[in-house]
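Have a look at the structure below before the remarks.
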Amino acid sequence: LVMTVVFLIMIGVAGDFLKMQIFPLYTVTAMAELGPFQRLDAVFLGVWLTGLFIKIAMDLYLVSLCVTRFLGEKAGRISILAGAAVTGIVAQLAMGSRELQALFFGPWLFFPITLTAAFLIPLFLLLMDKIQSKRRAGK
């Protein structure tokens, strides 16, 4: 029930204001002055950062699995370091520039990146795996 109320406030009241917030759920609960959630900023921050760390680690691991599958074990190990370096550099550049933040979080770049990462790359990898499976079966 509390979460339903929070989501109704997020959608109905805050609107586009939430796009500018890093922790939208905390912002809405603070605005609504919901008693149990008012002093939980340290908990929200800890949970959010833990989730972010796990997500980045899983993403890098999945990239290394795909690279290992198609380019070999050595390339897979290097891909983790390369992916972490690229992620760190892009994050540092974006944090220092409002223009880059607007570019990365705007729909004109965010949508194609999401489409590529969530659909086109997995589809390409699936097709490559099917082709390699047929070649192995034919030998």
Side-chain angles (χ1 to χ4, degrees):
L1 181 61
V2 170
M3 291 307 292
T4 302
V5 170
V6 169
F7 285 131
L8 285 174
I9 293 170
M10 285 174 70
I11 294 167
V13 176
D16 285 343
F17 174 72
L18 292 177
K19 291 181 183 176
M20 299 182 297
Q21 301 302 313
I22 295 176
F23 307 108
L25 191 62
Y26 172 70
T27 303
V28 169
T29 55
M31 285 170 42
E33 297 184 4
L34 295 172
F37 295 106
Q38 277 187 322
R39 301 283 179 221
L40 292 178
D41 21 353
V43 174
F44 280 129
L45 185 62
V47 168
W48 186 78
L49 287 175
T50 302
L52 185 63
F53 176 76
I54 292 170
K55 183 181 182 319
I56 290 172
M58 287 300 297
D59 289 345
L60 289 172
Y61 177 68
L62 291 173
V63 166
S64 81
L65 281 178
C66 292
V67 170
T68 299
R69 176 96 169 131
F70 291 101
L71 299 177
E73 189 72 32
K74 187 175 181 181
R77 278 187 249 133
I78 293 171
S79 70
I80 291 177
L81 296 174
V86 168
T87 302
I89 290 168
V90 169
Q92 289 300 317
L93 290 174
M95 288 303 296
S97 169
R98 289 227 183 249
E99 292 80 23
L100 280 177
Q101 288 177 14
L103 176 69
F104 280 113
F105 297 129
W108 299 110
L109 187 61
F110 190 73
F111 177 70
I113 288 174
T114 303
L115 180 68
T116 301
F119 181 70
L120 296 177
I121 292 174
L123 180 64
F124 173 74
L125 292 173
L126 180 66
L127 292 174
M128 291 298 295
D129 187 53
K130 293 290 183 187
I131 291 170
Q132 286 183 354
S133 295
K134 285 183 182 180
R135 286 184 184 165
R136 278 187 239 130
K139 288 185 179 181

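The model shown is predicted, which means the values in this text are computed figures rather than measured ones.
Of all heavy-atom pairs spanning Pro112 and Pro107, the tightest one is CD-O, 3.8 Å. Heavy-atom minimum distance, Phe70 versus Leu125: CE1-CD2, 3.2 Å. The heavy-atom pair separating Ser64 from Gly76 by the smallest distance is CB-O, 3.4 Å.
Following chains of ILVMFWY side-chain contacts shorter than 4.5 Å, one cannot reach Leu81 starting from Leu60, and the two form parts of different hydrophobic clusters. Under the 4.5 Å side-chain heavy-atom criterion for grouping Ile, Leu, Val, Met, Phe, Trp and Tyr, Ile89 is connected to Ile113 within one hydrophobic cluster. Both Val90 and Leu103 belong to a single network of hydrophobic side chains, linked directly or stepwise wherever heavy atoms of I, L, V, M, F, W or Y lie under 4.5 Å apart. Linking ILVMFWY side-chain heavy atoms closer than 4.5 Å, directly or via other members, places Val63 and Leu52 in two distinct hydrophobic clusters. In the hydrophobic clustering of this structure, Leu123 does not group with Leu65; members are Ile, Leu, Val, Met, Phe, Trp, Tyr whose side-chain heavy atoms approach within less than 4.5 Å, directly or through other members.
The OH atom of Tyr61 sits 10.5 Å away from the SG atom of Cys66 when rounded to the nearest 0.5 Å. Atom CD of Gln101 and atom CD of Glu99 lie 9.0 Å apart (nearest 0.5 Å). Separating the CG atom in Leu109 from the OG1 atom in Thr114 is a distance of 9.0 Å, to the nearest 0.5 Å. Atom CD1 of Ile80 and atom CG of Asp59 lie 12.0 Å apart (nearest 0.5 Å). Atoms CD1 and CG, from Ile121 and Leu126 in turn, are 13.5 Å apart once rounded to the nearest 0.5 Å. Taking OG of Ser133 as the reference point, atom CE of Met128 lies at 11.0 Å (rounded to 0.5 Å).
Atom CZ of Phe110 has 12 or fewer heavy atoms from other residues, nucleotides or ligands within 6.0 Å.
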